[in-house]
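Take a look at the structure below.
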There are 4 protein chains.
Amino acid sequence: MALNNVESLFAASLQDSDLSAKQKAVLRASLTLFADKGYDRTSTADIARLAGVSEGTVYKRFKTKRDIFEAITTPFVDQVLPTAAGEFFKEISTAGFPDFRSLLTFAVHDRIVFGLANRRELKIFVQEIVADPQMFNALAARASQLFTKGLAPLFKQFQDTGELVQWDAIRIGRYIISTVLGYVLPSVIARTPEQNVDQATQEIVEFLLKGLHP
Amino acid sequence: MALNNVESLFAASLQDSDLSAKQKAVLRASLTLFADKGYDRTSTADIARLAGVSEGTVYKRFKTKRDIFEAITTPFVDQVLPTAAGEFFKEISTAGFPDFRSLLTFAVHDRIVFGLANRRELKIFVQEIVADPQMFNALAARASQLFTKGLAPLFKQFQDTGELVQWDAIRIGRYIISTVLGYVLPSVIARTPEQNVDQATQEIVEFLLKGLHP
Amino acid sequence: MALNNVESLFAASLQDSDLSAKQKAVLRASLTLFADKGYDRTSTADIARLAGVSEGTVYKRFKTKRDIFEAITTPFVDQVLPTAAGEFFKEISTAGFPDFRSLLTFAVHDRIVFGLANRRELKIFVQEIVADPQMFNALAARASQLFTKGLAPLFKQFQDTGELVQWDAIRIGRYIISTVLGYVLPSVIARTPEQNVDQATQEIVEFLLKGLHP
Amino acid sequence: MALNNVESLFAASLQDSDLSAKQKAVLRASLTLFADKGYDRTSTADIARLAGVSEGTVYKRFKTKRDIFEAITTPFVDQVLPTAAGEFFKEISTAGFPDFRSLLTFAVHDRIVFGLANRRELKIFVQEIVADPQMFNALAARASQLFTKGLAPLFKQFQDTGELVQWDAIRIGRYIISTVLGYVLPSVIARTPEQNVDQATQEIVEFLLKGLHP
DNA sequence: CATGAATGAGTCTTCATTCAT
DNA sequence: AATGAATGAAGACTCATTCAT
């Protein structure tokens, strides 16, 4: 499965970039510190120290501290999320899931793995979303689009076979996402040690299948 | 129902306190600003300005900015939450719900109302929880305690009547909380206008009842 | 003569202001340093050091370094120059000079004294005018207005008596100003020790009277 | 007339120099930027960008930013000014002006043309003279020397014919220079569009002739 | 010669905190 | 109790200068 190495998309985007080794160290250090302490509680001196570079180097490529934040999050929104989503839907299309349980199992497992593989990016996102609702709205819009375009037809298919309740896609998606996030976020926020992803997937799917049955 | 005016518990805790009118204004201003901009992006000068007091007055009672934060959140954790929870359980006990649907409907509705009534406090909490996992752990511990002590017996009762699936209380609670938060949090974070709480309650209960049916 | 204590207008404007003693010290130190080293070569640390205050105090009243500059120069443009000009014209009107020589002698002497009394402010002005032409244009506009409104009628009077050549006021003014500045500016720029103002006045008037005679 | 292309003296000094094309570009860019924004407000990165070279190249020949400044101004003081002055005096000697008016007309016109042709260099000079009196003193000394050696005898000649008032050369020169600068400097500082040099020359000469007549 | 990444001292500015009045 | 001027330790950011390639 291609998606459990999503973290490597960030690493790859670093390699593809024309950033020097030190600039990459700056991004890596920033990622760590933003996730650990939050954007506001991370100073550019902290970043320089952890990256092992001078403070001037931090500002050579990135004009402002906010630019660093965006250099980390923008690829996540503009590339990682859509890319991942793209692979996600491609997988779904090509896989040709025989029933809703198969689809749900794949999707839940995939998203849990994705979320845990990107703990730090996710945490930074959550922090910023809470601090600045603007980003929440941007994400919500993007998610809503993915939903109505990508998921609704998929749901329709299983609603026709009588495997999925006849609620609108937004409502169904909301319950799925809530349940998955209820599992992933505590781990992301509290640095909980790795848990049994397969078992969690089975449990969540068991609950959702019943809750979403007609 | 007593719980939809939980906000007044904060107000009451202000009245009970030995704080002067200006000190109370400081707390109120801090509550607003912390919720709007976050703790880190709120300066003590901001607080003084909004409270209509001098910067010196802010520090007369509260030795540090962090003290203000704790003056807001500690009562919330140590009094408001337990108090609310206490009323919540008292209500449950005295009400004597005839079936699980009644209990779930009450509980979901009550928590939605509580969450929406305390948007600002909730947002501050979420911000701090994400920024500093320590508070998350403290809350998780407290919640876990409430669960095993308060909810598990309650669940047992309906599990015995065959209305509730035989999963452990933590798992059941996690799904319920996730689903409710999936409705409340977007509203809290994005300042979404008021929605139809009763309809949302019905929908959520409909989903949960199926998902949690044996 | 009221105008040879123009420097006290700045001092007076300090006293009238609601600035604390330390804030006034900041302005005084800034005036000295801006004049000595120029705006760009003066750091806010320099200002704090010379004023004997902390760097925070510098920024308590003035939000930016540029604000300090404007706190010094704006009164100069908006009050000192017009005020001085006002007194200048008042003096001229009430004095009722019998001939052009009397007027010119008074004016030249007065402007030399004014310029030398305000060496530092003048130097700051010249520095900024050269660095940023915008201020030059603002001043030129103001000066032009004073000219056509205030001086042209005065010149007309002596042109009618045949004491002053029939050139337009701008041209006449330009020669007078050039000649006076040719005396004052070197002293302002090079910190030349005090010279004999009365003799210089006599010499300049002697030259101008001939040059401007019909 | 050789002197209205004095700018080419700078270009020539660039050609004569052993500087590479890129080094010359650095000097040209510096000239432009120093004149536009001032020395302090021009960064070496600005210079490199406008010159189309790397920052390293800027420092290959010039050890410090100040060196660039001096590479521009020193030739101007040490070569351009004297050279120009040399041509100026040579012209005067060989021309053999029949009367003081002819001399003055030539000199005024020549200096106006010179000043306008070298706006940018002049502006840099004025900026530095105002910011650092040291350069003023150096220039004043040099000018004083040119005066007493070069001009005084010339003046003497016309004082003997009764065309020029019997003041000392410094005083006469000061009035002439002041009046010419009063015309040239505003244009240099404020980027005023080209004006009628010939008319201005006539007017200035008309004024000076009267003012300097015995 | 040329490059441009890297440096670190220094700049302007903010802000939690103190204290004399 | 209340004020608000004062503080100084950071914080973000700039820039002249160096040096390995």
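Because the structure is predicted, anything quoted here is derived from the model rather than measured. Lettering follows sequence order; numbering is per chain, from 1.
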Open item on the list: side-chain contact (heavy atoms from CB on, under 4.5 Å) for C:Asp46 and C:Lys37? Distances and angles first, verdict last.
Closed with: CA-CA 11 Å; C:Asp46 288 338; C:Lys37 313 198 297 178; 2.8 Å; yes

Open item on the list: Going by side chain to side chain contact (heavy atoms under 4.5 Å, CB included), B:Phe69 matches just one of B:Asp67, B:Thr73, B:Ile72. Which one?
Closed with: B:Thr73

- [ ] Establish, with yes or no, whether the OP1 or OP2 oxygen of E:dT3 is under 4.0 angstrom from a side-chain nitrogen or oxygen of D:Thr57.
- [x] yes

TODO: May I ask you to verify if any side-chain N or O of C:Ser20 is less than 4.0 angstrom from the OP1 or OP2 atom of F:dA6?
DONE: yes

TODO: Go ahead and write out DNA chain E as dot-bracket, 5' to 3': ( ) for pairs within the strand, [ ] for ones crossing earlier pairs, | when the partner sits on another strand, dots for unpaired; Watson-Crick or G-U wobble, both distances under 3.5 Å.
DONE: .||||||||||||||||||||

Working to the nearest 0.5 angstrom, can you tell me the gap between [X] [atom1] and [Y] [atom2]?
X: C:Asn118; Y: C:Phe125; atom1: CG; atom2: CZ; result: 10.0 Å
X: D:Tyr39; Y: D:Ile124; atom1: OH; atom2: CD1; result: 11.5 Å
X: B:Leu33; Y: B:Arg49; atom1: CG; atom2: CZ; result: 9.0 Å
X: D:Thr42; Y: D:Ile68; atom1: OG1; atom2: CD1; result: 10.0 Å

Find the distance [X]:[atom1] to [N]:[atom2] and express it as a whole number of Å.
X: A:Arg41; N: E:dA16; atom1: CZ; atom2: P; result: 12 Å
X: A:Lys24; N: E:dA6; atom1: NZ; atom2: P; result: 11 Å
X: A:Arg61; N: F:dT14; atom1: CZ; atom2: C1'; result: 18 Å
X: C:Asp67; N: E:dC12; atom1: CG; atom2: P; result: 14 Å
X: C:Ile68; N: E:dT11; atom1: CD1; atom2: P; result: 14 Å
X: B:Leu33; N: E:dA16; atom1: CG; atom2: P; result: 12 Å
X: D:Arg49; N: E:dA2; atom1: CZ; atom2: P; result: 20 Å

TODO: Select from C:Asp40 and D:Ser54 the residue whose nearest nucleotide in DNA chain E is closer to the 5' end of that strand.
DONE: D:Ser54

Task: Comparing C:Val53 and B:Gln23 on DNA chain F - which has the more 5′ nearest nucleotide - done: B:Gln23

Can you name the atoms? Protein N/O to nucleotides 17-21 of chain F N/O, anything below 3.5 Å, with the distance.
residue	atom	partner	partner atom	Å
F:dT17	OP2	D:Tyr59	OH	2.9
F:dT17	OP2	D:Lys65	N	2.6
F:dT17	O4	D:Glu55	OE1	3.2

Open item on the list: With a 6.0 Å cut-off (strictly less than), is the heavy-atom count around CD of D:Glu70, excluding the residue itself, greater than 12?
Closed with: yes

Task: Pair C:Arg66 + C:Glu128: basic N to acidic O under 4.0 Å - done: yes

Tell me which donor-acceptor pairs under 3.5 Å the side chains of residues 19-29 of chain B have, and how far apart each pair is, sequence neighbours excluded?
residue	atom	partner	partner atom	Å
B:Ser20	OG	B:Lys22	N	3.4
B:Ser20	OG	B:Gln23	N	3.3

- [ ] Could you work out which one of E:dA6, F:dA12, E:dA2 sits closest to the side chain of A:Lys22?
- [x] E:dA6

